Amino acid sequence: MKKVTFSLLFLLYVSSAYTQELGFPFSKYFSSKEYNGGIQNYAISQDQNGIMYVANNFGLLEYDGTRWNRYPIPNSTKIRDLFIETNGRIFIAAQGQLGYFRPNKQGFFEFISWTPRLPLQYQNIEEVWKIYKISNLYVFCSFKAIFIFDQSGNLEKTLEPIGVFNSFHVSNNQFYFQDTEVGLMRLEQQEAVQLTQTEILRQDLVSGVLEKTPGELMIFTEKGDVFLNTQLGTKKWQPYEMPNLNKVNVVLRLRNGNIAIGTQYDGLYILKENGLLEMHMNLQRGLNNNTIISLFEDKAGNIWLGHNNGISLLEISLPFRILGPDSGIFGTGYAAKQVGEDIYLATNVQVSKISGPDHAVSKVINAEGQSYSFHNIENGLLLAHNEGAFVIYNNLASRLDGINGLWTYITLKQNPNLLLAGTYNGLALFEKQGENYKFLRVLKGFDESARLIQQDEQGHIWVSHGYKGIFKIQLSEDLTEVNVRFFNNKDGLPTNLLNSVWKIGGRIIFTTEYGIYVYNPETDRFEKDELINPYFEHDFLITSLVEDPVGNIYYIGLYEAGVLEKQMDGTYIKIKELFNKIIPFLNDDLQNVSLLKSNEVLYAANEGFIWYKKDINKSIPAAFPTFIRAVYLTKPTDSLLFLGKNTTRMEENFGTDEGLVLAYNQADIRFEYTNTIPNNENTTQFRFKLEGLEDEFSEWTSKRDKAYTNLREGKYTFHVQSKDIYEQLVEANTFSFTVLPPWYRSNAAWFIYLLCFIGFGAITFNRVDKLYQKKTKAITAKQRKELEEKSTDLAQSKRELEKLKTEKLETEIQGKNKELASATMHLLNKNGFIDQTKNQLTQIIKKSQSEEVKNELQKVINSISKNIAEDKDWEQFEIHFDQVHGDFMNRFKKAYPTISPQEIKLSAYLRMNLSTKEIAYLMNISTRGVEISRYRLRKKLNLERSDNLQEFILKF
């Protein structure tokens with residue numbers, strides 16, 4: 001027991017030795033190997049693009065949010081200080097050197113030295129420690145002299161010390177410097193004016209000067225003393241709450257009014273204006289190095305620390321602090337609980353206690369192992385632990401006998417002395433007996449895991465199961481068993497997986513894979529909640545919820561965390577972008593957000609916890625610009641063309657109106673780009689497009705370069721846009737360039753093509769003109785010949801006229817022949833008909849048995865024979881037919897000697913354009929017979945199926 005007490009007192013003593021704000025900010029440490037420079041970093045600054053610059057032992061360091069670069073000065077000496085102008089110039093103070101870096105037209109740094117402009121006796125100056133801009137003057141500071149230059153680099157004034165200049169400071173555009181013989185002085189009208197005659201300010205090194213109020217200065221010394229200087233004099237200032245400082249190297253006023261102090265041996269102190277300690281970080285408390293020799297606050301409110309070995313970045317502007325190993329919290333966070341001024345933290349390793357306003361951290365004895373949740377009891381806590389139930393009083397945990405594997409507790413409404421515990425395998429009952437708690441029993445009728453349990457106003461117990469569904473449980477009157485009603489996707493739940501139960505605003509709600517649900521007792525089913533659901537996507541899964549006393553709802557979900565801040569009218573404002581910062585650090589096993597007090601919660605993290613306090617700062621840091629870092633030609637190898645430092649117009653950078661101009665065979669180009677927001681290398685995303693080739697931006701990607709190959713001639717503009725972790729879109733940055741056409745598509749080539757075309761046209765015109773002249777002569781000769789022939793034509797016309805008359809007579813004769821042929825044809829048809837009739841009557845006579853009928857019919861036959869015209873037969877028809885149709889029969893027989901007389905007749909009838917029915921009548925056969933005859937005729941004429949028989953005969 002003595003050993004335990006001694007250990008407890010020792011831990012309390014060690015933890016309470018430091019008092020500060022709870023937890024530490026997000027931070028990042030850059031080692032000298034990472035930034036490829038010297039160990040010491042004397043000054044830090046930031047340009048208008050957000051790029052960080054550091055005065056380092058090995059030269060000027062540059063950090064663009066992605067990588068570090070280093071630029072040595074010509075004599076490769078240490079750079080002690082720097083100042084960045086708005087025009088891109090970076091003034092430096094260095095060993096034996098002063099001047100500035102400037103980007104040339106392509107963005108490459110070149111150094112311009114002002115050392116030759118110094119008086120001759122200072123040409124070999126050893127150290128220049130500081131560079132400031134006061135009004136429109138540049139002030140370079142060394143121990144032996146202060147040099148004041150105008151904007152053009154002309155030396156206007158040289159101040160020499162009475163003793164030795166010891167330190168240099170600027171506050172509110174006022175320049176202060178310390179002389180070992182005179183003390184602290186101020187520059188007024190380019191003259192040194194003594195500020196105070198305090199002896200100590202001549203002896204002790206002044207490490208910082210800040211304006212506290214108008215006319216009141218705070219003067220910090222290296223020894224840690226602070227003095228207030230007014231018109232009434234100088235006095236020491238040491239508020240009761242201010243910590244003891246020692247070996248102060250640098251002092252910086254932050255934009256929120258706090259004071260940052262960098263020390264030689266004890267890291268960083270941040271004080272409020274009244275001297276109260278806000279934060280203390282050192283090698284044991286979140287830093288990698290105790291020595292701080294430079295401080296800088298960037299545009300986002302982050303603090304940069306230049307160490308004696310390395311560089312640190314502290315994101316103090318965010319409303320988050322990390323409680324991890326640096327704070328004495330070990331293991332993966334699971335749950336937290338505030339009791340009065342104390343905070344208890346449960347991890348998979350142990351339970352820790354943060355005591356009182358001093359935030360001293362100590363370990364709770366006898367609570368090692370997996371701890372899941374706390375429950376408030378009188379003067380202490382109940383702990384749900386892997387090994388069972390524990391009661392915690394102060395820093396000592398005592399195990400209760402009975403059962404292992406507890407998740408959580410709730411107090412039963414009908415009996416506040418009874419606690420229902422959710423276990424690995426069901427529900428257990430505990431009872432308060434006096435000042436103690438006792439395990440009673442495991443309730444029968446339910447043996448599922450019960451990590452999340454809640455009790456509604458009717459006393460029903462609701463238990464959610466990770467992959468089965470929801471259980472509604474009614475306790476028996478004797479509290480020994482339960483009656484269970486099980487709900488799954490058949491009862492209104494969207495799925496059986498990942499359902500959780502919570503109590504928000506006195507209501508029992510259920511989070512699912514597809515939104516938030518409530519139970520409707522009238523229908524005995526689950527329905528979508530109309531109060532909170534509208535603030536989330538329909539498929540958003542919430543894994544942890546907690547409501548603070550003012551009604552704000554803090555949540556963790558899949559790829560999202562945030563808070564619904566309650567408004568006066570009962571609605572909520574959703575804030576989520578700010579919380580994107582903590583998502584990668586959250587516990588991905590059993591996610592949990594634990595309430596401390598109003599507007600203050602702890603998020604369970606992979607290592608410890610993340611503390612959120614709304615009062616610190618809930619604004620999202622200002623967006624950093626998208627920045628085209630470099631442009632390379634990639635054929636045949638990478639060749640750097642441009643570094644993105646020059647702020648002039650792009651056209652001026654390359655000396656042409658089009659900016660960068662590339663030959664056609666060099667049209668392979670690669671862009672490197674970045675967003676200079678620090679400590680977000682893996683979270684910032686980019687999209688891009690090449691105007692002239694692409695119409696739309698690409699998809700978002702974390703890749704920080706883009707290459708294009710084999711570009712055709714034309715004008716192009718590369719656009720790149722970034723989106724930071726807070727989903728802030730930054731205006732796209734652009735780079736324009738022109739690709740020249742190949743020689744055969746160049747303007748000169750087109751001009752040559754035009755000349756060739758004109759020459760060809762001239763030659764062609766000349767040739768055509770000659771042909772025209774020749775043709776004209778031929779026409780003239782022809783006309784002359786025609787005139788000569790006209791007289792001959794007149795005589796010929798007369799002869800032609802006589803001929804026409806003759807042809808007319810022949811035509812009339814031919815018409816008569818046609819009529820004769822037609823008449824012959826009709827006669828032939830008639831005689832054929834009569835002959836057929838005669839034959840039919842003869843047949844009737846043969847068949848008749850009546851002699852009288854025979855006699856009468858014979859009389860008719862004789863009469864027909866007598867009256868039949870003595871018409872010529874088919875030969876007569878052929879004669880007339882050939883006269884009408886140009887000797888068709890003879891020509892046809894000669895051309896096709898194998899055809900039969902019957903086929904000749906068919907051909908003649910087809911030539912006469914008779915129908916199939918008419919031909920059948922004339923040939924005394926059926927229409928089917930005509931079709932067969934036509935088919936046979938086609939075969940003998942060797943006609944194709946596509947050829948028309950009648951058309952062939954008509955054209956023959």
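Everything quoted here is computed from the prediction, not taken from an experiment. Residue numbers count from 1 along this sequence.
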| task | Answer whether the closest heavy-atom distance between the side chains of Phe688 and Phe718 falls below 4.5 Å. | result | yes

| Would you say the side-chain atoms of Asn229 and Thr234 include a donor-acceptor pair closer than 3.5 Å? | yes

| query | Under 30°, 30 to 60°, or over 60°: which ring-plane class applies to Phe320 and Phe26, parallel, tilted or perpendicular? | reply | perpendicular

| request: Using the ring of Phe24 (Phe, Tyr or Trp, six-membered ring only), decide whether Arg321 places NZ or CZ under 6.0 Å from its centre and within 45 degrees of its axis. | output: no

| message | Looking at His280 and Asp266, would you say the former's side chain and the latter's main chain have a donor-acceptor pair under 3.5 Å? | response | yes

| message | How close do Pro72 and Arg70 get, counting heavy atoms only, and between which atoms? | response | CD-O, 3.8 Å

| query | When you check the side-chain N and O atoms of Gln685 and Thr701, is any donor under 3.5 Å from an acceptor? | reply | no

| Where the side chain of Glu85 meets the backbone of Arg89, is there a donor-acceptor pair that is under 3.5 Å apart? | no

| said: As an exercise, state the distance from OH of Tyr53 to CG of Leu61, rounded to the nearest 0.5 Å. | reply: 11.0 Å

| remark: Value for CG (Leu254) from CD (Glu278), rounded to nearest 0.5 Å, stands at 10.0 Å

| task | Enumerate the residue pairs fulfilling side-chain hydrogen bond (donor to acceptor under 3.5 Å, both in side chains) with a member in residues 250-261, sequence neighbours excluded, ordered by first and then second residue. | result | Arg253-Glu273

| task | Decide yes or no for Ile270 and Ile316: does some side-chain heavy atom of the first lie under 4.5 Å from some side-chain heavy atom of the second? | result | yes

| Between Tyr42 and Lys78, is there a cation-pi geometry (under 6.0 Å to ring centre, at most 45° from the normal)? | no

| Does some side-chain heavy atom of Met185 sit less than 4.5 Å from a side-chain heavy atom of Val193? | no

| task | Please list, chain by chain and in numerical order, all residues satisfying side-chain hydrogen bond (donor to acceptor under 3.5 Å, both in side chains) with Gln190, sequence neighbours excluded. | result | Glu156

| task | Measure the acute angle between the ring planes of Phe735 and Phe737, then classify it against the limits of 30° and 60° as parallel, tilted or perpendicular. | result | tilted

| Atom of Pro119, atom of Phe147 and distance for their closest heavy-atom approach | CD-CE2, 4.4 Å

| query | According to the interplanar angle, ranging from 0 to 90°, do the rings of Phe30 and Trp68 count as parallel (below 30°), tilted (30 to 60°) or perpendicular (above 60°)? | reply | perpendicular

| said: Is it the case that the side chain of Glu62 and the backbone of Tyr71 share a donor-acceptor pair, with hydrogens and angles ignored and the cut-off at 3.5 Å? | reply: no

| task | Before giving the answer on side-chain contact (heavy atoms from CB on, under 4.5 Å), spell out for Ile261 and Val250 the whole-Å C-alpha distance, their side-chain angles and the decisive distance to 0.1 Å. | result | CA-CA 6 Å; Ile261 301 171; Val250 60; over 6 Å; no

| message | Counting neighbours of CD on Gln194 that are heavy atoms of other residues, nucleotides or ligands and sit closer than 6.0 Å, is the number greater than 12? | response | yes

| task | Going by the side chain to side chain donor-acceptor pair (under 3.5 Å) test, name the single residue among Thr674, Asp64, Asn49 that passes it with Arg629. | result | Asp64

| task | Can you see which heavy atom on Asp179 is nearest to which on Phe165, and at what distance? | result | OD2-CE2, 4.0 Å

| query | Considering only heavy atoms from C-beta outward, does the side chain of Phe686 approach that of Tyr673 to under 4.5 Å? | reply | yes

| field | Closest approach of Pro319 to Leu578 (non-hydrogen atoms, all atoms of both residues) | value | CG-CD2, 3.6 Å

| request: Answer yes or no: are there more than 12 heavy-atom neighbours, outside Lys272 itself, under 6.0 Å from its atom NZ? | output: no

| said: Using ring-ring contact (aromatic ring centres under 6.0 Å, His included), reason through Tyr132 and Phe175 one step at a time and then give a plain yes or no. | reply: CA-CA 8 Å; Tyr132 300 107; Phe175 177 52; 5.6 Å; yes

| query | Within the distance-only criterion (no hydrogens, no angle test), does the side chain of Asn104 pair as donor or acceptor with the backbone N or O of Phe108 below 3.5 angstrom? | reply | yes

| task | Please identify each residue that fulfils side-chain hydrogen bond (donor to acceptor under 3.5 Å, both in side chains) with Glu297, with sequence neighbours left out. | result | none

| said: What I'd like to find out is whether the side chain of Ile131 reaches to under 4.5 Å of the side chain of Leu98, using heavy atoms alone. | reply: no

| message | Against the six-membered ring of Tyr632, is Arg670 placed for a cation-pi contact (under 6.0 Å from the centre, within 45° of the normal)? | response | yes

| field | From Ser327 atom OG to Leu22 atom CG, the distance as rounded to the nearest 0.5 Å | value | 7.0 Å

| request: Could you walk me through whether Thr77 and Asn75 pass side chain to side chain donor-acceptor pair (under 3.5 Å), step by step? | output: CA-CA 6 Å; Thr77 57; Asn75 56 358; 3.0 Å; yes

| Would a distance-only check, ignoring hydrogens and angles, find a side-chain to backbone donor-acceptor pair under 3.5 Å from Ser113 to Thr115? | yes

| To the nearest 0.5 Å, what is the distance between CG (Asn87) and CZ (Arg102)? | 10.5 Å

| message | Test side chain to side chain donor-acceptor pair (under 3.5 Å) on Glu34 and Tyr63; report intermediate values, then the result. | response | CA-CA 11 Å; Glu34 189 169 354; Tyr63 177 62; over 6 Å; no

| field | Leu228 vs Glu216 side-chain heavy atoms within contact, under 4.5 Å | value | yes

| message | Let me confirm one number: the CG-OG distance from Asn41 to Ser294, rounded to the nearest 0.5 Å. | response | 6.0 Å

| said: For Phe149 and Phe140, take the angle between the two ring planes, folded into 0 to 90°, and tell me which bin it lands in: parallel under 30, tilted 30 to 60, perpendicular over 60. | reply: perpendicular

| field | Exercise: identify the closest heavy-atom pair between Ile628 and Val720 | value | CG1-CG1, 3.8 Å

| task | Give a yes-or-no answer on whether the side chains of Asn282 and Asn290 include a donor-acceptor pair shorter than 3.5 Å. | result | no

| message | For Tyr138 and Phe91, take the angle between the two ring planes, folded into 0 to 90°, and tell me which bin it lands in: parallel under 30, tilted 30 to 60, perpendicular over 60. | response | parallel

| said: Looking at Asn56 and Phe58, would you say the former's side chain and the latter's main chain have a donor-acceptor pair under 3.5 Å? | reply: yes

| query | How would you list, by chain and number, every residue that makes a ring pair (Phe, Tyr, Trp, His ring centres under 6.0 Å) with Trp129, sequence neighbours excluded? | reply | Phe143

| Donor-acceptor under 3.5 Å (His719 side chain, Thr734 main chain) | no

| request: For Ser167, enumerate each residue passing the side-chain hydrogen bond (donor to acceptor under 3.5 Å, both in side chains) test, keeping only those at least two apart in sequence or located in another chain. | output: His169, Gln178

| Would a 4.5 Å heavy-atom cut-off, applied to side chains only, mark Leu287 and Asp326 as touching? | no

| query | Is any side-chain N of the basic residue among Glu315 and Lys581 closer than 4.0 Å to the acidic one's carboxylate O? | reply | yes

| query | What closest approach, in Å, do Ala300 and Ser317 show between heavy atoms, and which atom pair accounts for it? | reply | O-OG, 2.9 Å

| Does a donor on one side chain sit under 3.5 Å from an acceptor on the other, for Asn289 and Asn309? | no

| message | Under the rule for side-chain hydrogen bond (donor to acceptor under 3.5 Å, both in side chains), what residues qualify as partners of Ser639, not counting sequence neighbours? | response | none

| said: For Gln40 and Asn308, which I'm curious about, is there any donor-acceptor pair between the side chains at under 3.5 Å? | reply: yes

| said: With rounding to the nearest 0.5 angstrom, report the CZ to CG distance, Phe296 to Leu82. | reply: 9.0 Å

| message | Under 4.0 Å between a side-chain nitrogen and a carboxylate oxygen: does that hold for Arg704 and Glu672? | response | no

| task | Check whether any side-chain N or O of Ser45 sits under 3.5 Å from a backbone N or O of Ile84 as a donor-acceptor pair, and report yes or no. | result | no

| Min side-chain heavy-atom separation Lys130-Phe177 under 4.5 Å | no

